[in-house]
Participant: 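The following block contains the structure, expressed as structure tokens.
Proteins come first, then strands; the chains are lettered A, B, ... in the order of their sequence lines, and each starts at number 1.
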Amino acid sequence: MSLPLLENLNPEQRAAVTLPHESALILAGAGSGKTRVLTTRMVWLIQTSQVSPLGVLAVTFTNKAAKEMLTRVSAMLPINTRGMWVGTFHGLANRLLRTHYREAGLPQSFQILDSQDQLSAIKRLMKSLNVDSEKFEPKKVQWFINSHKEAGRRAHDVEAYDDYSTRMAELYEAYDAQCQREGVADFPELLLRAYELLYRNEPLRQHYQDRFRHILVDEFQDTNSLQYRWLKLFAGPRTAIFAVGDDDQSIYAFRGANTANMAEFEREFAHGNVIKLEQNYRSHGNILTAANTLISQNAHRLGKNLWTAEGEGEPIRIFDAYSDQDEASFVVDEVRALNRDGVSLSDMALLYRSNAQSRVLEHALFSAGVPYRVYGGLRFFERQEVKHALAYLRLLTNPEDDGAFLRVVNFPTRGIGARTLEQLAESAARSGASLWQAACTSSGKMASFAKLIEDIKQATHGLSLPDAIDHVIEASGLADYYRADKDGADRLENLNELVNAATLFAEESDEGTLDAFLAHAALEAGEHQAIAGHDALQLMTVHAAKGLEFHAVFITGLEEGLFPHEQSAHEENGLEEERRLMYVAITRARRRLYLSHAQSRMLHGQIRYGIPSRFLAELPEQVLLHLNRRAEPALSSGYGAPASAPAPRPAQSGNETGFTLGQSVIHPKFGTGIIIDFEGRGPDARVLVKFRDAGTKLLALAYARLSPA
DNA sequence: GCGTGACATTTTTTT
DNA sequence: AATGTCACGC
């Protein structure tokens with residue numbers, strides 16, 4: 001069996017690709033050729049006629065990964081990939097529900113709510129039910145609903161144990177009723193609906209189970225409980241599931257990803273049929289040593305150790321900065337030096353834990369004239385002007401959509417205010433009709449709005465998708481509104497871009513319908529920042545860096561409370577997730593890795609003093625190079641640890657409190673503890689102390705009787 | 001209906 | 001610091 005396809009694969013990769021028709025778990029470490037194995041497996045199955053292209057179901061986590069897979073497959077195989085079921089969980093669920101909308105109990109042109117839309121739907125519902133949004137925060141309600149849906153529970157399945165949860169469950173029920181009435185579905189609803197559809201409809205289930213002989217899952221560690229159950233439902237007795245994942249790279253537990261799925265899958269399906277891909281083709285030895293050492297301190301692992309055939313390479317450079325600005329200028333200098341040595345800017349990444357950290361870095365880069373690109377922030381289809389335009393379109397195709405109605409009824413302003421809308425809502429509720437229906441039988445300004453929409457509907461009938469959208473933008477008054485606005489130029493351009501996006505969509509997809517385009521807009525929010533442009537340094541959060549690789553990587557802000565994030569201390573296994581995050585960050589680097597931390601940092605408008613992240617201490621000293629290991633900072637106060645003291649180091653000096661970070665203290669009431677942070681100055685100075693028994697407390701130094709231990 | 005100022009809030013992110 | 005949310009007054 002010497003297919004050219006299988007050349008250049010290592011033995012483990014080859015074994016994974018050519019596995020017989022049975023379920024298996026592939027533990028694929030960072031940089032071990034995961035995507036390659038997945039796509040080659042798919043091609044191999046088809047090429048050796050073990051399955052037809054339509055008998056394969058391949059699920060990924062992001063649209064990008066799905067696209068990548070299709071591109072690679074069609075590069076290896078001369079087949080039309082269009083009819084193949086390759087996509088994200090949500091994309092495939094959408095496909096299933098569109099095909100069987102009647103059986104699923106949905107209108108043909110049901111609309112998809114993104115998280116924003118969902119939140120405003122919840123707020124609207126709570127308002128109509130007169131629920132106190134102080135007592136029940138809409139965000140929490142959203143979280144409640146989504147996490148139950150993601151666990152496969154409907155409102156009546158929720159076990160309420162007190163008044164609060166009873167009320168939450170009632171809201172969940174009412175929310176679902178509202179969505180049903182309006183013909184809309186939120187993200188988790190897509191999955192749950194699709195799941196219920198197959199669960200209840202045996203012929204349909206049989207059909208799909210017979211059809212899909214092979215299911216391939218990417219990033220399996222990121223699946224939540226519902227997604228796993230979804231896979232199990234699609235898998236018939238003769239279906240093999242090929243799941244690829246890396247438990248060490250699970251960084252989405254905070255949104256429901258369940259790593260336990262991997263162990264469960266091994267038990268339920270793979271039966272010990274596990275292949276580990278541990279050879280790393282990306283990084284030099286020292287970088288892998290650091291990553292391996294760090295991650296080995298996590299208790300809950302399936303176990304895996306990366307190795308490389310490459311040499312040790314360079315040591316990992318540690319920089320100890322006085323301040324965030326000092327850190328930024330260090331990065332600027334190093335980036336320039338590397339660039340001079342021939343490393344292109346786009347092959348370097350500047351990573352941070354949270355988006356707020358980018359500003360100081362951007363400022364320094366900008367001043368120094370280093371081109372950079374920031375990933376993150378608002379995405380194309382999430383921009384307000386685009387959402388407005390989409391809401392008009394939604395209303396055209398689904399008049400029951402009250403959310404869309406409310407979004408545009410008075411934008412641009414047409415003199416329809418809260419009072420008028422209240423009356424409309426009342427009359428709609430009385431007759432059990434949608435706001436749109438009620439508006440059609442109104443008079444005055446509301447009637448002219450109804451007429452406007454009706455006219456647009458007439459005028460766009462028969463137009464191509466981009467022409468229709470263009471018409472909507474003009475006729476709705478959106479274009480005029482932004483033309484009149486002095487800051488509206490960008491927004492106008494984005495509306496133009498929306499028409500372009502529609503043109504592209506109509507060309508690429510097989511069905512250029514408005515419904516399909518709206519689903520596309522909801523499911524694929526678009527690039528974070530479209531301009532691919534010139535050679536530029538890449539700035540992004542560690543989360544956003546997953547799956548990418550760079551010649552040189554800077555990981556900044558390695559301070560306690562920032563990375564690991566302080567929030568993680570309050571979550572179950574939060575620290576382990578942070579450590580995995582750090583692991584992901586380290587393994588992005590091919591050749592050179594910089595780790596930096598700052599002793600002081602501007603955070604939320606205040607200067608905060610931080611101590612170096614524990615993750616730095618968890619790295620093996622022999623692979624590190626301290627660029628500026630200083631003698632202890634000059635301690636003007638005369639307090640603090642002796643100069644030779646190892647960690648915890650006093651991370652700041654002379655802050656007039658008489659205490660240092662990491663110092664042990666005694667409080668008459670709370671007992672012994674350690675100072676972990678300072679806040680404020682002078683008479684307002686406060687310290688954050690982590691007590692051995694009494695938890696963490698913020699104490700005002702002027703009052704607390706704190707003494708050194 | 002709309003603009004203004006007070007007020008809180010502040011992880012990570014996809015779909 | 002920066003941004004969003006909300007109540008209030010015109």
Side-chain angles (χ1 to χ4, degrees), chain A residues 59-66 87-94 112-120 123 127 133-134 137-139 146 149-150 185-192 194 218-219 222-224 226-227 230 250-257 324 351-360 363 375-379 381-382 384 409-421 445 519-528 540-547 557 561-571 574 577-578 580-582 584-585 601-608:
Chain A
V59 203
T60 63
F61 203 61
T62 65
N63 289 300
K64 204 172 144 196
T88 63
F89 280 99
H90 292 84
L92 295 176
N94 178 53
I112 301 168
L113 301 185
D114 67 18
S115 317
Q116 276 180 46
D117 299 332
Q118 185 189 29
L119 188 62
S120 52
K123 284 181 183 164
K127 212 169 207 171
S133 59
E134 301 271 295
E137 292 169 47
K139 279 244 173 69
N146 287 350
K149 282 190 182 181
E150 276 160 10
D186 55 51
F187 286 137
E189 181 70 26
L190 290 176
L191 295 179
L192 186 50
D218 188 20
E219 305 276 16
D222 285 334
T223 52
N224 63 33
L226 182 56
Q227 286 162 337
W230 205 89
S250 161
I251 54 174
Y252 288 113
F254 71 93
R255 67 174 192 221
D324 44 358
L351 308 183
Y352 34 81
R353 176 66 178 83
S354 65
N355 279 310
Q357 286 165 250
S358 75
R359 206 173 336 111
V360 180
H363 182 79
Y375 290 80
L378 213 50
R379 312 168 94 214
F381 286 109
E382 289 168 0
Q384 63 147 334
V409 66
N410 199 32
F411 195 93
T413 49
R414 312 189 162 85
I416 300 174
R419 185 85 199 94
T420 324
L421 284 173
K445 290 169 177 169
H520 165 81
L523 289 172
E524 197 169 337
E527 292 288 318
H528 268 303
M540 65 191 87
T541 63
V542 180
H543 280 93
K546 186 170 158 203
L562 207 58
F563 197 179
H565 199 276
E566 55 194 336
Q567 204 71 33
S568 69
H570 311 137
E571 284 156 21
E577 173 138 329
E578 293 287 313
R580 290 193 293 268
L581 200 48
M582 182 69 185
V584 168
R601 178 179 298 278
M602 199 65 152
L603 211 63
H604 311 318
Q606 267 190 328
I607 293 179
R608 300 256 302 228

Participant: For dT12(B), is there a stacking contact with His543(A), counting only centres under 5.5 Å and planes under 30°?
Facilitator: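 Answer is no, no stack.
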Participant: Can you check the Phe254(A) CZ to dT10(B) P distance for me, whole Å?
Facilitator: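 Taking atom P of dT10(B) as the reference, CZ of Phe254(A) is at 15 Å.
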Participant: Looking at dT14(B) and Phe187(A): do their rings stack (centroid distance under 5.5 Å, interplanar angle under 30°)?
Facilitator: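 Ring-base stacking flag not set for Phe187(A) and dT14(B).
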Participant: In terms of the nearest nucleotide of DNA chain B, which residue is placed more toward the 5' end: Glu150(A) or Glu577(A)?
Facilitator: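 The answer here is Glu577(A).
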Participant: Nearest to the Lys123(A) side chain among dT5(C), dT13(B), dT15(B), which nucleotide is it?
Facilitator: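 Closest of the options to the side chain of Lys123(A): dT5(C).
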Participant: Please enumerate all residues that pass ring-ring contact (aromatic ring centres under 6.0 Å, His included) together with Tyr352(A), with sequence neighbours excluded.
Facilitator: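 Partners of Tyr352(A) by the ring-ring contact (aromatic ring centres under 6.0 Å, His included) criterion come out as none, since no residue qualifies.
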Participant: Nearest of dT11(B), dT14(B), dA1(C) to any side-chain atom of Arg255(A)?
Facilitator: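 Of all the options, the side chain of Arg255(A) is nearest to dT14(B).
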Participant: State which of dT12(B), dT15(B), dT13(B) makes the closest approach to the side chain of Ser354(A).
Facilitator: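 Of the candidates, dT12(B) comes closest.
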Participant: Judged by atom type as modelled, is there a donor-acceptor pair below 3.5 Å linking the side chain of Gln227(A) to the main-chain atoms of Asn224(A)?
Facilitator: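 Side chain of Gln227(A) to backbone of Asn224(A): a pair is present.
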Participant: Does a distance-only test, which skips hydrogens and angles, find a donor-acceptor pair under 3.5 Å between the side chain of Thr541(A) and the base of dT13(B)?
Facilitator: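 There is none.
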Participant: Expressed in angstrom and rounded to an integer, what is the separation of Glu524(A) atom CD from dT14(B) atom P?
Facilitator: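 Going from CD in Glu524(A) over to P in dT14(B) covers 12 Å.
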Participant: Suppose we screen for ring-ring contact (aromatic ring centres under 6.0 Å, His included). Which residues come up paired with His565(A), at least two apart in sequence or across chains?
Facilitator: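 With sequence neighbours excluded, His565(A) shows a ring-ring contact (aromatic ring centres under 6.0 Å, His included) to no residue whatsoever.
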Participant: Between dT15(B), dT11(B), dC2(B), spot the one nearest the side chain of Glu571(A), thanks.
Facilitator: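 Of the candidates, dT11(B) comes closest.
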Participant: If the condition is ring-ring contact (aromatic ring centres under 6.0 Å, His included), which residues does Phe563(A) pass it with, not counting sequence neighbours?
Facilitator: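 Checked Phe563(A) against ring-ring contact (aromatic ring centres under 6.0 Å, His included); matches are Phe615(A).
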Participant: Would you please name every residue forming a salt bridge (charged side-chain N to carboxylate O under 4.0 Å, His left out) with Glu189(A), sequence neighbours left out?
Facilitator: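 For Glu189(A) the salt bridge (charged side-chain N to carboxylate O under 4.0 Å, His left out) partners, ignoring immediate neighbours, are Lys149(A), Arg154(A), Arg193(A).
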Participant: Salt bridge (charged side-chain N to carboxylate O under 4.0 Å, His left out) with Asp117(A): which residues, sequence neighbours excluded?
Facilitator: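 Partners of Asp117(A) under the salt bridge (charged side-chain N to carboxylate O under 4.0 Å, His left out) test: Lys387(A), Arg394(A).
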Participant: For Gln227(A) and dT13(B), give me the distance from atom CD to atom C1', rounded to whole Å.
Facilitator: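 Spelled out: CD on Gln227(A) to C1' on dT13(B) is 13 Å.
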Participant: Please figure out whether His604(A) or Thr420(A) has its closest DNA chain B nucleotide nearer the 5' end.
Facilitator: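 The residue closer to the strand's 5' end, by nearest nucleotide, is Thr420(A).
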Participant: Below 3.5 Å is the cut-off: list the nitrogen or oxygen pairs between protein and nucleotides 6-9 of chain B, distance only.
Facilitator:
none

Participant: Would you say Asn355(A) reaches dT12(B)'s phosphate, i.e. side-chain N/O to OP1/OP2 under 4.0 Å?
Facilitator: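 For dT12(B), OP1 or OP2 has a side-chain N or O of Asn355(A) closer than 4.0 Å.
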Participant: Counting the atoms with a prime plus P, OP1 and OP2 as sugar-phosphate, which does Asn63(A) contact under 4.0 Å by heavy atoms, base, sugar-phosphate, or nothing?
Facilitator: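 Touches sugar-phosphate only.
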Participant: Please pick, from dT14(B), dT13(B), dA1(C), the nucleotide with the shortest atom-to-atom distance to any side-chain atom of Arg359(A).
Facilitator: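 From the listed options, dA1(C) comes nearest.
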Participant: Please determine if Lys546(A) and Asp222(A) form a salt bridge, counting it only when a charged side-chain N lies under 4.0 Å from a carboxylate O.
Facilitator: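 A salt bridge links Lys546(A) with Asp222(A).
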Participant: To the nearest Å, how far apart are Arg353(A) CZ and dT10(B) P?
Facilitator: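 To the nearest whole Å, that distance equals 15 Å.
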Participant: So if I take every side-chain heavy atom of Asn410(A) and compare against dC2(B), dT14(B), dT15(B), which nucleotide ends up nearest?
Facilitator: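 Closest nucleotide among those given: dC2(B).
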